[in-house]
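Each remark here refers to the structure printed beneath this line.
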Amino acid sequence: MKAGLRDLIMERMQILIQNATSNARHDPETAERQANLAKRLSTKYRVRMSYEMRMHFCKKCKKFIIPGLTARIRLGRSDVKSIRITCKFCNHTYRKIIKKQITKE
Ligand SMILES: [Zn+2]
């Protein structure tokens, strides 16, 4: 695959996820459609979603989840900087280690 096409798909997926996130509150159906479209692009062109994009999909039921809306986010207690994400659709909880954006306090 051409490198340019890969960038284009990546950009498309990013826009879809962004739109889905902003639509989620007032138009969940559209949001779900846009999220699924992004996922299909990823599968079809074998372009891996970025870490930020993957965070929006539940590991278990694969549904599109919005932190603070359809997913509950809690900070982990251990030394490792992590967050716990609970999907409100299937109640599955998974942990994400935060690699970036570590702020020294
Ligand atoms: Zn789920």
Side-chain angles (χ1 to χ4, degrees):
M1 181 175 18
K2 284 179 198 165
L5 182 64
R6 196 189 168 280
D7 288 345
L8 198 78
I9 302 298
M10 199 69 179
E11 204 181 291
R12 274 246 187 115
M13 291 198 301
Q14 247 155 17
I15 292 165
L16 281 165
I17 297 290
Q18 265 165 29
N19 287 345
T21 308
S22 55
N23 282 331
R25 273 167 216 277
H26 59 271
D27 195 354
E29 275 178 38
T30 304
E32 187 74 30
R33 249 202 325 274
Q34 288 170 324
N36 283 334
L37 202 62
K39 210 155 63 177
R40 272 212 302 277
L41 282 174
S42 167
T43 317
K44 189 177 174 188
Y45 295 98
R46 293 194 194 136
V47 178
R48 255 173 83 85
M49 285 192 182
S50 72
Y51 179 76
E52 286 77 14
M53 286 187 224
R54 274 180 284 136
M55 254 185 74
H56 287 285
F57 292 93
C58 171
K59 281 240 174 82
K60 199 180 177 197
C61 67
K62 314 287 181 200
K63 261 188 176 283
F64 182 67
I65 48 172
I66 314 287
L69 187 69
T70 45
R72 200 172 61 224
I73 309 286
R74 271 195 300 185
L75 282 172
R77 287 174 301 169
S78 59
D79 293 337
V80 186
K81 290 261 178 202
S82 69
I83 48 170
R84 277 167 208 275
I85 303 173
T86 307
C87 167
K88 283 190 182 171
F89 296 106
C90 68
N91 260 327
H92 177 67
T93 303
Y94 56 99
R95 204 170 69 138
K96 288 268 183 194
I97 308 287
I98 306 166
K99 294 179 216 161
K100 296 171 199 168
Q101 298 155 337
I102 294 172
T103 47
K104 281 180 183 171
E105 288 159 33

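Indexing begins at 1, ligand by ligand and atom by atom, following the structure's order.
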How long is the gap from CD on Glu52 to OG1 on Thr21, to the nearest 0.5 Å?
11.5 Å

Counting only protein N, O or S atoms and ignoring waters, those under 2.8 Å from the Zn ion (ligand 1) are Cys58 SG, Cys61 SG, Cys87 SG, Cys90 SG

Cluster link Leu69 to Phe64, ILVMFWY, side chain under 4.5 Å
yes

Kindly state each residue pair satisfying side chain to side chain donor-acceptor pair (under 3.5 Å) with at least one member in residues 28-37, sequence neighbours excluded.
Asn23-Gln34, Asp27-Thr30

Nearest 0.5 angstrom please: Arg72 CZ to Thr93 OG1, how far?
7.0 Å

Applying a strict under-4.5 Å side-chain criterion to I, L, V, M, F, W and Y, I'd like to know whether Leu5 and Met10 cluster together.
yes

Would you compute the distance between atom CZ of Arg54 and atom NZ of Lys96 and round it to the nearest 0.5 angstrom?
6.5 Å

